[in-house]
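Below you'll find the structure, written out as structure tokens, and then a few comments.
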Amino acid sequence: MEFNKENTKDRLFADILLPLPLPRPFTYRIPDTEREKVNIGSRVIVQFGKKRILTGIIVKVHSIEPDVYEAKDIIEILDDAPSVNAFQLKLFEWMAEYYMCHPGEVLNAALPSGLKVSSESKIQLNPNFEDLEEKIPFADKELLIIEMLEKKEALTFDEVSLIVGKKSGSSLIKSLIKKNRIIVFEEVKEKFTPKIIKKVRLCPPYDQKGNMQELFIKLEKKPKQTDLLLKYIKLTGFLENPDKNTTGINKNLLIEESSLSPFTSLVKAGFFEEYEIVVSRFEEDDEESKYAEVRLSETQQSAKDSILEQFGEKEAVLLHGITGSGKTEIYIELIKNVLSGGSQVLYLLPEIALTTQIVQRLRKIFGDKMGIYHSKFSDNERVETWRGIISGRFSFVVGVRSSIFLPFDNLGLIIIDEEHETSYKQHDPAPRYHARDTALMLARMHHSKTLLGSATPSVESYFQAVNKKWGLVELTQRFGNAKLPQLIAVDVRKEKRDRKLHGDFTGLLTQQIEKSLHERNQVILFQNRRGYAPYISCEDCGHIPKCDNCAVSLTYHLYHKELRCHYCGSHESIPTRCEACGSNKIKTVGLGTEKIEDDIKLLFPDAVTQRMDLDTTRKKNSYQKIIEDFQNNKIDILVGTQMVTKGLDFDRVNLVGILDADSLIHFPDFRAHEKAFQTFTQVSGRAGRREKAGTVILQTSSINHPVIGKLLQQDYSGFFNTEISEREKFHYPPFYRLISITFKDPDAGIASKGADRLFGKLKYFIPKEQILGPEQPLINKIRNYYLEEIILKFERNKANLPAIKFKIKEAIEKVLAETAFKNSIIVCDVDPV
DNA sequence: AGCACGCCGACT
DNA sequence: GTCGGCGTGCTC
């Protein structure tokens, strides 16, 4: 409902949603000067508290004057047209309610920081300063600052520190304020800065071809300037087509390395003019974009038809297609359909997949209609994508988790690729949302359809499909003639008995690696653990070094020569002697990617081995570099973590080794089997992309484990059936919904007491058998906070969850209000992954 | 979340 | 005696 801003003489107020963890919007007065610009969804600048300046969003306009407090004025309305639309506001609200957080936290996660104004504290001389008798003494450094302010008018705190040194900066400022010599003010500025390039063109009348002769005569005795003019003519093609002068030329293209002075003379003489234009940070195609042709196979075509047909009655369809079955082409064709119908498309991908080949491929097809939203993008680039959607420049966005927040107003299709990926769930700061589930809600709001794709669907999604809530399309053949890899499990225990083990490598695996290398093929080795060894231990007393802040053993990193904590990132040097008993017999236990890399280099000294994990890909382009090297056959053996399981399609990989299947399978979590099945299937998919079938070797000590069995047969539905009955039996998703509540406190006793207290409150409205815990999680201390966990289980569609969530929040507030728990933090995670 | 106002220890 | 520790409560 739009408030009639013309027909009222009343004072107008706006409820402003602020990007803070506060329960409700705040009411500000709209100054008469801003009345015309008032729109729901527009950004405003307001003062919040004594000095904070924030960007908020107008969520309501009304004329009800608050009676218990004086509403402050909105400082400025930043937008002429809303930056946030009604769909988004509705989605934010839904997320806050569903994920048990504050709407402001959702807003904070949603708005790219380039859309928030920042304010910076600056100092200036106090105009009212009077010291006629000059009796106030100033220190030398203070005088220095005053001198600077007389020249520059205003300085930031950082600038002050630069002048007088880092330590004394703030104390000098304080002292000057005290002496009334300076005052502090807040400078507000938009963070987004458009990209501007400097251009050059000929001034009239020389923009006419006929006047060229005259110009050359004028420059007769100036060879440098003549050269520059000739260069301009040559680069622009001015003589062939004088219209080219209107678009001019990039200044730095004209100048290049040469001296500026001939150019400056030409400008001064009025022959050239310099001007600036605002350009996009993204490349633009000049050609009228015509979608490149993609030819679907018969199977793909019928899959596509089936998807469209099922969209007729269902809001979502799950595309279950084995690795290499050609899902991407189907997506592309569907996207084309929707785009030509005039609707928008969102294509969600996990972070790592976005860095790979797929984006270039889509770019070739969709050209500049396609926007990208990626966490490695700068703020300015993100704002351009955001604005590009509002302006209609982008009707199709490929993006990561957070792209569900973009200002779509007419979605026709959302594609969630690699639907099972757990990285779609945000863990740490609130909102702890799942992009897949949120996208389904977003689609519903737009009356749009959702296509979920995976080779190994999550149990939850597959359950929706087999229960006919969603449509289901299955692709069981690899595209073209590509063969499925052959999976072999090797019993590590048996090999150990038979003394066939080479360190951590079974006889079969070493043989196969040798064979692959000999055939000039490539090998991928997977180990889901980075570092050299998960921990080190003293051979004499068994002591294991632990992190001081977290309840985990420290991982041994050979390359950096340190022990590191994978939870808080702290590190220390490797001890030469046991810190408990002084023995120097310290051994490494278990294996990580570093050790595998090391051992492989010893076993196969002639092969080029590269490691790919968090530690080798931290730098911006290192991931890309490794991929390229691998693609160009500069690497024979690639050793890596999860990272090697995603979207790497290389023809020459014919062997994949899974070093230790057991650690994933036996991980203490109800989703461990699912995760193991998915991960192993995904890595296996890297082997053998063409006619030749690849080989996957799986080293395990639990050769008879059912998950291994299903995996070897690549029997997804068999796996699903076993898994789903376990889930039903033990009351887990998808039959039950989970909410995890973590109680954190720097004191272990208080954490435990607090969790008990919360439990006591919860049991009044939640049946006891639906509350698990409180219990210490496996890792019971992270970053110096002790953890206690309570898990709540609610039978699907039976409980009134919104009401229960409300009561949970009340209970939490009550507990936190007790003084004993003043340092405690309580975190709710809805649908934890 | 951040920032101010407010009450107790080690220093110019 | 003050500077500064962070504890509590509020922000339209």
Side-chain angles (χ1 to χ4, degrees), chain A residues 10-31 34 38 40 42-77 92 96 99-111 113 116-122 137 139 141-142 157 167-179 183-186 188 426 428-432 744-747 750 754 783-785 809 812-828:
Chain A
D10 293 343
R11 299 214 293 172
L12 273 192
F13 297 90
D15 290 351
I16 309 296
L17 179 60
L18 297 167
L20 298 174
L22 298 167
R24 66 212 148 68
F26 281 68
T27 306
Y28 284 82
R29 204 178 77 86
I30 299 163
E34 304 292 298
V38 173
I40 294 194
S42 283
R43 293 173 305 142
V44 297
I45 303 178
V46 293
Q47 185 166 60
F48 186 68
K50 275 221 161 117
K51 63 180 295 204
R52 282 215 289 173
I53 307 243
L54 295 171
T55 304
I57 299 288
I58 302 177
V59 291
K60 198 179 167 191
V61 181
H62 57 85
S63 57
I64 307 156
E65 176 153 21
D67 47 2
V68 289
Y69 54 83
E70 182 80 17
K72 280 185 183 159
D73 270 13
I74 286 173
I75 296 173
E76 193 188 340
I77 297 180
F92 296 172
Y99 290 108
M100 300 177 77
C101 65
H102 303 280
E105 290 175 308
V106 183
L107 178 69
N108 195 35
L111 276 192
S113 54
K116 298 171 206 162
V117 292
S118 60
S119 78
E120 188 170 26
S121 301
K122 286 191 163 189
K141 282 191 172 174
E142 291 179 348
F157 285 22
K167 284 159 274 168
S168 40
S170 67
S171 60
L172 284 169
I173 290 172
K174 271 188 193 151
S175 133
L176 282 166
I177 293 169
K178 229 176 181 178
K179 293 173 184 170
I183 51 173
V184 179
F185 69 101
E186 295 293 306
V188 179
Q426 166 142 322
D428 203 11
R432 296 178 174 77
K744 309 183 185 185
D745 196 278
D747 182 287
I750 290 177
R783 289 172 206 267
N784 284 321
Y785 275 84
K809 274 191 250 174
I812 287 173
E813 266 162 44
K814 273 188 201 148
V815 174
L816 285 181
E818 293 180 36
T819 45
F821 309 120
K822 57 184 163 25
N823 294 321
S824 308
I825 298 170
I826 299 179
V827 171
C828 289

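Protein chains get the first letters and strands the later ones, always in sequence-line order, with residue 1 at the start of each. A quick note: this is a predicted structure, and the numbers were derived from the prediction, not measured. Below, all heavy atoms of this structure are taken into account, side chains as well, without hydrogens, waters or symmetry copies.
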Should A:T27 and A:H62 count as side-chain neighbours, where that means a heavy-atom distance under 4.5 Å?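 Result yes, sub-4.5 Å side-chain heavy-atom pair found.
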
Among [options], the one nearest [X] by side-chain distance:
{"X": "A:A71", "options": "B:dG2, C:dC12, B:dA4", "result": "C:dC12"}
{"X": "A:Y69", "options": "C:dT8, C:dC12, B:dA1", "result": "C:dC12"}
{"X": "A:R24", "options": "C:dC12, B:dA4, B:dA1", "result": "C:dC12"}
{"X": "A:K51", "options": "B:dC3, C:dT8, B:dA1", "result": "B:dC3"}
{"X": "A:Y28", "options": "B:dC5, C:dC12, B:dC3", "result": "C:dC12"}
{"X": "A:K822", "options": "C:dG7, B:dG2, C:dT11", "result": "C:dG7"}

Could you tell me whether A:P66 contacts a base, only the sugar-phosphate backbone, or nothing, with contacts defined as non-hydrogen atoms closer than 4.0 Å?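 If one applies the 4.0 Å heavy-atom cut-off, A:P66 turns out to touch nothing in the nucleic acid.
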
Tell me what A:Q47 touches on the nucleic acid: a base, only sugar-phosphate, or nothing, going by heavy atoms under 4.0 Å.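 Sugar-phosphate, backbone atoms only, no base.
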
Can you name the salt bridge (charged side-chain N to carboxylate O under 4.0 Å, His left out) partners of A:R43, sequence neighbours left out?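 A:R43 satisfies salt bridge (charged side-chain N to carboxylate O under 4.0 Å, His left out) with A:D79, A:E190 only.
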
Just jot down the salt bridge (charged side-chain N to carboxylate O under 4.0 Å, His left out) partners of A:D73, sequence neighbours excluded, or say none.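 In terms of salt bridge (charged side-chain N to carboxylate O under 4.0 Å, His left out), with neighbours along the sequence ignored, A:D73 is linked to A:R29.
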
Using only side-chain N and O atoms of A:K72, determine if any of them is under 4.0 Å from OP1 or OP2 of C:dC12.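 Checking A:K72 against C:dC12: at least one side-chain N or O falls below 4.0 Å of OP1 or OP2.
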
